[in-house]
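Reading through the structure tokens given below for one structure.
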Amino acid sequence: MRYLLTVFFVFFYFIGFGQGIITKQYTIENGLMANDVRALCVDSKGIVWIGSRSGLAQKIQGLVKANEDAARYRYTNITDIIEDDKQGIWVGSYGQGVLYRGKGEVRIISVQQGLISNRIRRLYHNGDYIYVATSDGVSLISKKDFTVITPSFVTNKHHPFEVSDFFEYRGEVYVATINDGIFKLVNNELVLVEKEGRIFAAIGFDDKVFIGGEDGLVVKDLSTKKVIAKYDIPPVKDIKKANNQLYIVSGGVDDNNGRLYRWDGVSLDNITEYLGVSSTDFYSVGYDEKNDFLYIGTKSQGVFQIDLFSPLSYDSSHGGVSVIKKLKDRVFFFTQKGVLIQNKDEEVGTIPLSAFKHYQEQHYRKHLAITTKTNHFFEIDYTVPADKIIFYSAVEYNGAIWVSSNIGVFQIGYNGYILSYHSIHTYQFGYYQNRFIETNPFGGIRVYQDLNKMDYQYHFRVDSDDIPRDIVDIEYVGDKMFLAGALDGLYTFDGKNFMSLSKRNLFPENRLKKIERGANNTLYVATDFNDIYILETQSGKYMVKDFISNKDITGANITLLKCIGQRILIGTSKGLTVIDGKDKFHFDKEQGFGNDEILSYELKDNLLFIGTVDGVYTLDITYFKRRHVQYEVNISDITINGHELERNGEVYHHIRKLELDSRENNIQIGFEVLGTKFPGKLEFQYRLKLGENWISVKENRLDLHYLESGSYPIDIKVYDYDSGNELIYPLLFVEVDKPFYAKAWFIILCAFLLLAISSLFYLFRFKQLRKVQIAERKKLEYQKRLAEVKLQSVRSQMNSHFIFNVLSSIQYYIIKEEVDDALFYLERFAQLIRTTLDMSTRERITLKEECEYLSTYVEIENMRLDGRVSFEIDAKGVDLRGILVPPLLLQPFVENSLVHAFPQHIKSPRIVICIYKTEEEYLVIEIKDNGVGDTTVNNKKHESKGMAIVKERISLIQSYLDEDLIIKHDSEGTVVRIVLKNVLK
């Protein structure tokens, strides 16, 4: 009973309004084997099995294709198809017996296996057996072991025992025949129950038996053999139960007088025209219980698919519907043939086009002199005949409908009477604050204070850019009137002034199509580019609150824009897009909504009426809500490295886990969704692992290339734009093994081999390595000795350099004839020479000795300088006796200061030697003077020989770097910084 009341309402409503439900046709152009469809079956997975004279086909996910098994056995002349309780498919052929298609098994059962005949008429499933009706009797096939039982019966010598159907009545199986009546199976014997005329189809329903034969349909109580009802209809060919009702196909063998009837429990109704099926050579009927599809097979036109509970209906009887408007409880349809007025489920009146023309001719002269082009009116051609009248738009105002047309504006009352006429030619108009607003397509707005007296104020576009032009839509939000310009954007009217939002940069989009009032004083604005802006209007700032991109809308050219609460309906060239919060729906040709151009629309209660160039659609918008659906996603094929994986006789791969070698990492997976009502509304995405991004899928196939080793629990996400549902299905668990070189055993083996090779190599090279080590040691000893010799040579050079400087000083005193000073200086010099000779024989001296030597040296040199230079050593807590340095390491720097740093203008010359330790336990010696700087060091073209010797001596005792010897000199003197790394313990 889930849809029973809906069926009755929709049925009578559509019949009363001359409408029909939407059907879809499948022929050989869509994949059928042939157009003569004799058998139909919808299995528990939602697959439609279609049997014809040329073979067996299946409709899966909207596509029809030949059945591979039937094609392999060249199985044709299909007469019946059924499914058993284990999802096995049984197919009957008139001439080739029975084809069985079960899990992993396909077989033919014919007279060779015990069938009484290969000419099959009907199949029936009951208990552990499949009942087979043939042209020569009845056979029963065991579902367990496929053995065949043939019940006995009494034959008639005048005709064969042709069985036409089976039915169940009060728990027992009955056999209907064409010539011999009705039988019951008792102890493996067919017992006659009642003699009946030629029976072609029979079924038990509601404790009654419906017997269809050559003379029509008979309803009987089989227990009393009383006829409850008899219907004189064409010969019955097939009867199927669908949604607690019966559907009966009837028609002569050669006569094109087919009918489809429905028994609703009370009466038999002819629903052929209601279903909108053009063919009348009906053959068979099938029903998809899950999706409420009724399938009708025909003799020459394939299969018709009928959506019994579609929210959509269509009426083309009145031609194109350009304007639709509701008034109270009535809806007015302005069509190519006139105006149709409908109240609820019935037509209550019509207004022919001739009535409009007649009314115009009576009243147009009243203001003929005013409505001229000179006065900026869009002139009317008063010679337009009645059959050429075109309606543009309509407005409901003050209990009447105002409609504009190419012959003027009419006022129509609730009862369908034409109340007034005005010779105004306008496409878009409206009422605002009780004033009639007329838009002129050539650029102007006329605001009427009194329409009957033609008292108006004209706003000419030439006078201001704020005056609207090329208006395509009008809407009202709050206390403002909004006008959409085709090229100049959005305008407002507050009762006094017009304003262009584009001119004031309040809303930049100029090319508009539709506007619609939304909730909370918002305005929806659709552009030529299929984008929709949602504007707030209350503040006057017209801020964009939300935005719907054209990418979220199916099709182009928005011709319908309707807001219903938070739900928005958008009509385009490819149907409807419905957005309700996070839910989104598509409604298009697949559901029966054609691609005709939308001319008009109107909402009344929950019905949306849509006028097109060929007719009117009626759509129940309550359909657009999320509905729970459950699909079955099956793997149709798996290809690994270009080779298809065997299905082992199955229709689909039932595996859910795939273990692959590391080289089998290029995989293609095809899948199909069974049980979907509208497969074209499904959108697929997949992910390889949980947490990864979803990837879009095209054509129901995943292409996975160069998968790395690891586990991949592949999921499929299905979004259904018909039901608004989003579901995630686990498709396949794929595990790609590691390559051999990444496995533990291979790594351990490689490590063991490497260790063995290394050991052998070590043993082989041990002696050679020993020889190399001995040679290296000798080389190191040689290099050490060479360094010592070089150090001695450096010492000699430094001592010679120093002696030369001292002799120069003595010579200075002799020349000046200062004998006492020369003798004192000679004595101190002799002492210094002895110390120098002593040092020159030693490789290292203490830093204290070095400092004492420098003190003596400075004292001697200071005699030459008249004692001007003060000399100081600041050890900063460093124990100088515990530090060993090369002799005469600091002397060259002190000498340079004495010789070059202190000309006569330098007052109080001073030399300070600072000695301290760093955090790295390095020894730092800084020699500072307050002279003019070392001109020798500052000269880039000449370097002091003493400096070069010091650098070389440092390099011999440590790894010498530029920062180990730094010389800075400026206007305040010279600083020499020496860093020694290997002299501290």
Determine, for D69 against R101, whether the closest basic-nitrogen to carboxylate-oxygen distance falls under 4.0 angstrom. yes
S110 and Q96 side chains, donor-acceptor separation under 3.5 Å: no
State whether a side-chain donor-acceptor pair under 3.5 Å links S139 with T150. yes
Is the centre of the F153 ring less than 6.0 Å from the centre of the F161 ring? yes
Only distances under 3.5 Å count here; give the side-chain donor-acceptor pairs of residues 178-185 to other protein atoms, sequence neighbours excluded, each with its distance to 0.1 Å.
residue	atom	partner	partner atom	Å
N179	OD1	R198	NH1	3.0
D180	OD1	H159	NE2	2.8
D180	OD2	H159	NE2	3.4

Establish, from distance only, whether the side-chain atoms of D281 and S300 form a donor-acceptor pair under 3.5 Å. yes
Test of ring centre spacing under 6.0 Å for Y719 and Y721: yes
If you measure from the Lys or Arg side-chain nitrogens to the Asp or Glu carboxylate oxygens, is any gap between K103 and E105 under 4.0 Å? no
Give a yes or no on this: more than 12 heavy atoms of other residues, nucleotides or ligands lie within 6.0 Å of atom CZ of R121. yes
Tell me which one of D288, N291, D307 satisfies side chain to side chain donor-acceptor pair (under 3.5 Å) with K677. D307
Sorted by chain and residue number, the side-chain contact (heavy atoms from CB on, under 4.5 Å) partners of A133 (sequence neighbours excluded) come out as R122, V163, F166
How would you list, by chain and number, every residue that makes a side-chain contact (heavy atoms from CB on, under 4.5 Å) with V249, sequence neighbours excluded? K237, D238, L260, F282, V285
